[in-house]
Amino acid sequence: MAEVVIASVDEALESIRKTRQVRLYVEGDVTEEQLHQLLEIARWTGSSRNTQPWRFVVIQNKETLAQLASLRENITWVADAALAIGLVSPGVNPPHEAYDEGRVTERLLIAARMLGLGAGTAWFGEPEREAQAKALLNVPEEKTLRCIVAIGPYVTSKDPRPTGPKPGRLSLDELVYWEKM
Ligand SMILES: Cc1cc2nc3c(=O)[nH]c(=O)nc-3n(C[C@H](O)[C@H](O)[C@H](O)COP(=O)(O)O)c2cc1C
């Protein structure tokens, strides 16, 4: 995928609107410069009371990516990404931390798209799988590692899985209420 050049506000907005979950990656690199840009974007995300609860584990080792991908059927595609960033939280305030992780994730997805890369969030889902992921990444047991964000050169943002969720979105008519619900 070629780099997406943002020349106007409309193009920037379109880039955000068109950001999708990517699950089909190809061989290729995320350059050091791109990785640095992505980590800076993550670092500057807002958080509850500016606590910046996250720590970012950059995973580039193919074997580790494959081991993480094997923990859950829904995240096997992680194995083909150039890298992943594990989002580690303290595990003291789950609602706030989950919200903050969501904000970081979305920024990473958008920034990746703007860099011409794909990105997707992969959740471990159950405590047992999360514990296995933490063990693989040396994350202390008491911390939270709900998800990782896979990033890399990609083929398409179409979901290759036959059983994936229905694509598309509800219309604004279905979503928006004016003044009162
Ligand atoms: C909390 C959360 C957990 C998700 N976990 C996974 C996952 O484990 N595996 C996966 O393939 N997609 C996962 N997704 C991606 C969703 O399936 C995706 O956001 C949704 O289908 C919309 O995709 P689109 O933006 O490409 O249309 C997750 C998304 C969220 C918000």
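All ligand and atom numbering here is 1-based and tracks the order in the structure.
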Report task. Enter the distance from L35:CG to E40:CD here, rounded to the nearest 0.5 Å. Result -> 10.5 Å
Requested in this report: Can you see which heavy atom on A69 is nearest to which on V78, and at what distance?
Outcome: CB-CB, 4.0 Å
Requested in this report: Number the atoms of ligand 1 from 1 as they appear, then name those within less than 4.0 Å of a heavy atom of R161, with their elements.
Outcome: 10 (C), 11 (O)
Query raised in the report: For E27, does the CD atom sit with more than 12 other heavy atoms under 6.0 Å from it, leaving out its own atoms?
Result: no
Query - Non-hydrogen protein atom less than 4.0 angstrom from atom 1 (C) of ligand 1 - result: yes
Query raised in the report: Considering distance alone, does some N or O of S157 sit under 3.5 Å from an N or O of ligand 1?
Result: no
Report task. Please name the pair of heavy atoms, one in A112 and one in I151, separated by the smallest distance, quoted to 0.1 Å. Result -> CB-CG2, 4.3 Å
Query raised in the report: When rounded to the nearest 0.5 angstrom, what is the spacing between OG1 in T45 and CZ in R107?
Result: 4.5 Å
Query - Closest protein heavy atom (residue, atom, distance) for atom 24 (P) of ligand 1 - result: R20 NE, 3.4 Å
Query raised in the report: Are the side chain of R72 and the backbone of W123 linked by a donor-acceptor contact shorter than 3.5 Å?
Result: yes
Requested in this report: Provide, to 0.1 Å, the distance between atom 25 (O) of ligand 1 and the closest protein heavy atom, together with that atom's residue and name.
Outcome: R169 NH2, 2.8 Å
Query - Enumerated ligand 1 atoms positioned under 4.0 Å from heavy atoms of P165 - result: 17 (O), 21 (O)
**Report entry** R146 bridged to E130 by N-O distance under 4.0 Å
**Finding:** no
**Report entry** Taking atom 8 (O) of ligand 1 as the reference point, the nearest protein heavy atom with its distance
**Finding:** R72 NH1, 2.9 Å
**Report entry** Taking atom 19 (O) of ligand 1 as the reference point, the nearest protein heavy atom with its distance
**Finding:** Q21 CB, 4.3 Å
Query raised in the report: Should you measure from each heavy atom of N74, which atoms of ligand 1 turn up under 4.0 Å away?
Result: 9 (N), 10 (C), 11 (O)
Report task. For W77 and ligand 1, answer yes if some heavy atom of the residue is under 4.0 Å from a ligand atom, otherwise no. Result -> yes
Requested in this report: Kindly compute the distance separating CG (D29) from CD (Q34), expressed to the nearest 0.5 Å.
Outcome: 9.0 Å
**Report entry** Distance-only polar pair, side chains of Q67 and T64, donor-acceptor under 3.5 Å
**Finding:** no
**Report entry** Verify atom 15 (C) of ligand 1: protein non-hydrogen atom under 4.0 angstrom away
**Finding:** yes
Report summary line: the protein heavy atom lying closest to atom 11 (O) of ligand 1 turns out to be R23 NE, 2.6 Å
**Report entry** Closest candidate by heavy atom, reference atom 29 (C) of ligand 1, pool V78, D159, T121
**Finding:** T121
